[in-house]
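For the numbers below, each heavy atom of this structure counts, side chains included, while hydrogens, waters and symmetry mates do not.
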Amino acid sequence: MERTLLILKPDCVARGLCGEVLARLERKGLRLVALKLLNVPRALAEKHYAEHRDKPFFGELLEFITAGAAVPLVVEGRNAVAVCRKLLGKTDGAESEPGTIRGDFGNSRSFNLVHGSDSLASAEREIALWFKPEELVENKLFETKFAV
């Protein structure tokens, strides 16, 4: 089982799409491991997007993710990173396939609703940034009775 980080960004929260995104993840067989609603502190945003620090759009990334409430979450499941990336669709909603989250609800590269870790290594790093180990829950019932 893999774990990955997703962030329902301020545009997703403001548009009332959190429930839709969570429902799609759960219907796919992914299990929620952690979830919280917060205003992202700038220092956390800088750590999260550190790989983009020298790029011209770094300031815009920080401004956007700290502009309103966001919902970071961790999901778990078979091939969770790849499954989530496919559910999200291409970064630019205008280029994303219908049926994906960005394809159905996005029309922009900047306002793309959801962040998803791009690799298992990134997922591990990002989960550690956003959640303390004790905030990640275990659900033995799911594993024994309802695993997909």
Next on the checklist: Please give me the minimum heavy-atom distance between Ala70 and Pro10, naming the atom from each residue.
Outcome noted: CB-CD, 4.3 Å
Checklist entry - Among the clusters formed by ILVMFWY side chains lying less than 4.5 Å apart, do Leu73 and Leu44 turn up in the same one? => result no
Checklist entry - Can you find a pair of side-chain heavy atoms, one from Pro72 and one from Leu6, that are under 4.5 Å apart? => result no
Next on the checklist: So Leu136 and Ile127, do their side chains get closer than 4.5 Å, heavy atoms only?
Outcome noted: yes
Next on the checklist: For a 4.5 angstrom cut-off between non-hydrogen side-chain atoms, does Leu22 reach Leu35?
Outcome noted: yes
Checklist entry - Considering residues, nucleotides and ligands other than Glu26, do more than 12 of their heavy atoms fall under 6.0 Å from its CD? => result yes
Checklist entry - Is there a chain of hydrophobic side chains (I, L, V, M, F, W, Y, each step under 4.5 Å between heavy atoms) that links Leu113 to Val81? => result no
Checklist outcome for this item: To the nearest 0.5 Å, atom NZ of Lys28 lies from atom CZ of Arg78 at 10.5 Å
Next on the checklist: With a sphere of 6.0 Å drawn around CD of Glu135, does it hold more than 12 non-hydrogen atoms of other residues, nucleotides or ligands?
Outcome noted: yes
Checklist entry - Linking I/L/V/M/F/W/Y whenever their side-chain heavy atoms sit closer than 4.5 Å, directly or via other members, would Val74 and Val13 fall into one cluster? => result no
Checklist entry - So do the side chains of Arg125 and Glu51 get within less than 4.5 Å of each other, counting heavy atoms only? => result yes
Checklist entry - Taking it one step at a time, do His48 and Ile7 satisfy side chain to side chain contact (heavy atoms under 4.5 Å, CB included)? => result CA-CA 11 Å; His48 179 80; Ile7 303 170; 3.8 Å; yes
Item to check | Single-linkage hydrophobic cluster, 4.5 Å side-chain cutoff, Leu32 and Val114 together | outcome: yes
Checklist entry - Just wondering, more than 12 heavy atoms not from Lys47 lying within 6.0 Å of its NZ? => result no
Checklist entry - Are Lys90 and Thr100 close enough that some pair of their side-chain heavy atoms sits under 4.5 Å apart? => result no
Checklist entry - Closest approach of Asn107 and Ala94, non-hydrogen atoms and distance? => result OD1-CB, 3.4 Å
Checklist entry - What closest approach, in Å, do Ser117 and Ala123 show between heavy atoms, and which atom pair accounts for it? => result OG-CA, 3.3 Å
Checklist entry - How about Val83 and Thr4: do any of their side-chain heavy atoms sit closer than 4.5 Å? => result no
Checklist entry - Could you walk me through whether His115 and Leu5 pass the side chain to side chain contact (heavy atoms under 4.5 Å, CB included) check? => result CA-CA 8 Å; His115 163 82; Leu5 180 88; 4.3 Å; yes
Checklist entry - Is Leu37 reachable from Val40 through a run of I, L, V, M, F, W or Y residues, each pair having side-chain heavy atoms under 4.5 Å apart? => result no
Checklist outcome for this item: Between Ser108 and Ser110 the two heavy atoms that sit nearest each other are OG-N, 3.1 Å
Checklist entry - Step by step, would you call Glu20 with Arg24 a side chain to side chain contact (heavy atoms under 4.5 Å, CB included)? => result CA-CA 6 Å; Glu20 175 69 32; Arg24 288 181 183 213; 2.8 Å; yes
Checklist entry - How close do Arg102 and Thr91 get, heavy atom to heavy atom, and via which atoms? => result NH1-CA, 3.5 Å
Next on the checklist: Return the OG to CG distance between Ser122 and Leu129, rounded to the nearest 0.5 Å.
Outcome noted: 10.5 Å
Checklist outcome for this item: CD of Glu46 to CG of Leu62, rounded to nearest 0.5 Å, is 5.5 Å
Item to check | Whether Asn112 side chain and Asp92 backbone form a donor-acceptor pair below 3.5 Å | outcome: no
Next on the checklist: Looking at Phe58, is its backbone amide N or carbonyl O close enough to the side chain of Arg53 to form a donor-acceptor pair, meaning the two atoms are under 3.5 Å apart?
Outcome noted: no
Next on the checklist: Could you check whether any side-chain heavy atom of Asp104 comes within less than 4.5 Å of a side-chain heavy atom of Pro98, counting everything from C-beta outward?
Outcome noted: yes
Next on the checklist: Distance to the ring centre below 6.0 angstrom and angle to the axis at most 45 degrees; does that hold for Lys36 and Phe131?
Outcome noted: yes
Next on the checklist: Angle between ring planes, Phe57 versus His52, binned at 30° and 60°: parallel, tilted or perpendicular?
Outcome noted: tilted
Next on the checklist: When you compare the side chain of Phe105 with that of Val21, does any pair of heavy atoms fall below 4.5 Å?
Outcome noted: no
Item to check | Inter-residue atom distance Asp118.CG - Glu126.CD, 0.5 Å rounding | outcome: 7.0 Å
Checklist entry - Where do Gly89 and Ser96 come nearest, in terms of heavy atoms and distance? => result CA-OG, 3.1 Å
